[in-house]
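All remarks here apply to the structure that follows.
Letters go in sequence order (proteins before strands), and every chain restarts at 1. All figures in this text were calculated on a predicted structure; none of them were measured in a lab. Values reported hereafter were calculated over all heavy atoms of this structure, with side chains retained and with hydrogens, waters and symmetry mates removed.
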Number of protein chains: 2
Amino acid sequence: MTDRAEREAIIQRFMDERGLKSTRQRHLILETFFDLDGHFSVEQLWAKVRAHNPRVSVATVYRTMKLLAESGLAHAQNFGDGQTRYEPAIGREHHDHLICTRCGAIIEFENDRIEQLQDAVAKKHGFKVSSHKMELYGLCRSCQKAGAGA
Amino acid sequence: MTDRAEREAIIQRFMDERGLKSTRQRHLILETFFDLDGHFSVEQLWAKVRAHNPRVSVATVYRTMKLLAESGLAHAQNFGDGQTRYEPAIGREHHDHLICTRCGAIIEFENDRIEQLQDAVAKKHGFKVSSHKMELYGLCRSCQKAGAGA
DNA sequence: CTGCGTGCAAAAACTTTGCAACAAT
DNA sequence: ATTGTTGCAAAGTTTTTGCACGCAG
């Protein structure tokens, strides 16, 4: 998605703006995270990080992702299972999710018209919106077929 | 919202359909829950239930709310703090939420046009949607003012 | 050097579950 | 009687935190 140089710049800015030290662990976690495409729990991310450096603790991953999310470079999602999932929020358009309640498949979509209407609604209520989430739950195409048979 | 008789009928149907026994505790929890207006954590609901009957355990509240949500009579929400919140889902139109990230205020709204567009998006992806969530995060009117000063 | 960051393990927060007593049908 | 339900406490999950050591600036 994002090219390496741009990503580096973003990571650097993130560190600078918050006065964070640039450590081996943070870089590894961020690189790993931004290489991913999709929605990952800390546990999953940790597994990938450990493949590179088994000594990184899960606490560091939690701490780093929390900082990232606060800075807006990652979005925290909550799809109903008890875990927080993060997804990269740079170099991509905002998007929303269709979630299959049977197989867990997650499909992303975006719709400008909806975004416009959201802004209008917010304005009507005097809100200044900084982010939003929209999730549609249901059955994906193949689960509708499978579900009928099962 | 719902009048007492209708509510009783709904609760009764809920019990019948799932073959649940009609216990003192379940009734108390359900009555208490449906009297509420808003989004409540199990902890909060439990506190209100205990006011009536201090012997009800929190486990029963968890179990009951889980059943209710599965039956579609309550909606489970996740607003980012680590707790599940439930809100009554009978006698009301579907609605979505504006959430103030500063003071935590929750404003409800509904917008048919958005719902229509959601359906259209789902259809395009072959999805059969059964429910959805939409949350807009930002600053409410008073926090925008307060925020500027702080 | 100085202080932030890390790893580890303990703790916290929330939710689920095993089991024996209990109540609804 | 029979079977589902409850309360309690223990255990499970996910996430946070205290503390001593270590590394970046």
Length of the line joining A/Met65:CE and C/dG5:P, which is rounded to integer Å: 17 Å
Is B/Gln25 near enough to C/dC22 that one of its side-chain N or O atoms lies under 4.0 angstrom from OP1 or OP2? no
In whole Å, I'd like the distance from the CZ atom of A/Phe14 to the P atom of C/dG5. 10 Å
Are A/Met15 and A/Val49 in one and the same hydrophobic cluster, where Ile, Leu, Val, Met, Phe, Trp and Tyr link if side-chain heavy atoms are under 4.5 Å apart? yes
Return the residues of residues 73-88 of chain B meeting this criterion: a heavy atom under 4.0 Å from some atom of DNA chain C. Order them by number, or give none. B/Gly82, B/Gln83, B/Thr84
Apply the side chain to side chain donor-acceptor pair (under 3.5 Å) test between B/Gln77 and each candidate in B/Glu87, B/Gln83, B/Lys133; give the one that qualifies. B/Glu87
Using whole Å, what does the distance between atom P of nucleotide C/dG7 and atom CZ of A/Arg24 come to? 11 Å
How many Å lie between NE2 on A/His27 and P on C/dT6, as a whole number? 12 Å
Between C/dG5 and A/Thr60, is there an OP1 or OP2 to side-chain N/O distance shorter than 4.0 Å? no
Would the number of heavy atoms belonging to other residues, nucleotides or ligands and lying under 6.0 Å from NE2 of B/His52 be above 12? no
Length of the CD-P vector between B/Gln44 and C/dA13, whole Å: 16 Å
Quickly work out the B/Leu28 CG to C/dA24 P distance and round it to whole Å. 14 Å
Whole angstrom is fine here: how far is it from CZ in B/Arg18 over to C1' in C/dA24? 18 Å
Starting the side chain at C-beta, find the nucleotide from C/dC8, C/dG5, C/dA23 nearest to A/Ser57. C/dC8
Got a donor-acceptor contact below 3.5 angstrom from the A/Ser41 side chain to the A/Arg85 backbone? no
Note: B/Leu73 and B/Phe34 closest approach over all heavy atoms is O-CE2, 3.7 Å
Measure the spacing between CD of A/Gln116 and CG of B/Leu117 and express it to the nearest 0.5 Å. 10.0 Å
Does C/dT15 have OP1 or OP2 under 4.0 Å away from a side-chain N or O of B/Tyr62? yes
Which ranges of DNA chain D pair up as stems, where a stem means three or more consecutive Watson-Crick or G-U pairs with both distances under 3.5 Å? C:1-25 with D:1-25
Using atom types as modelled and distance alone, determine if a side-chain donor or acceptor of B/Arg26 lies under 3.5 Å from a backbone N or O of B/Lys21. yes
Ion pair A/Lys48/A/Glu31, N-O distance below 4.0 Å: no
Residues A/Gln144, A/Arg141; criterion side-chain hydrogen bond (donor to acceptor under 3.5 Å, both in side chains); working and verdict: CA-CA 5 Å; A/Gln144 287 172 52; A/Arg141 209 181 320 251; over 6 Å; no
Which atom pair, heavy atoms only, marks the closest approach of B/Cys143 to B/Cys100? SG-SG, 3.7 Å
What I want to check is whether the side chains of A/His75 and A/His94 have a donor and an acceptor closer together than 3.5 Å. no
Protein-nucleotide distance (B/Trp46, atom CH2; C/dT16, atom P), rounded to Å: 15 Å
Which of parallel (below 30°), tilted (30 to 60°) and perpendicular (above 60°) describes B/Phe109 and A/His125? tilted
Of B/Val58 and A/Gly19, the one whose closest DNA chain C nucleotide lies more 5': A/Gly19
B/Arg63 has a side chain; which of C/dG18, C/dA23, C/dG7 sits nearest to it? C/dG18
Check every strand shown and say whether B/Ser41 touches a base, only sugar-phosphate, or nothing at a heavy-atom separation below 4.0 Å. nothing
First and last nucleotide of DNA chain D in contact with chain B, 5' to 3', at under 4.0 Å to a heavy atom: what are they? D/dT3 to D/dC8
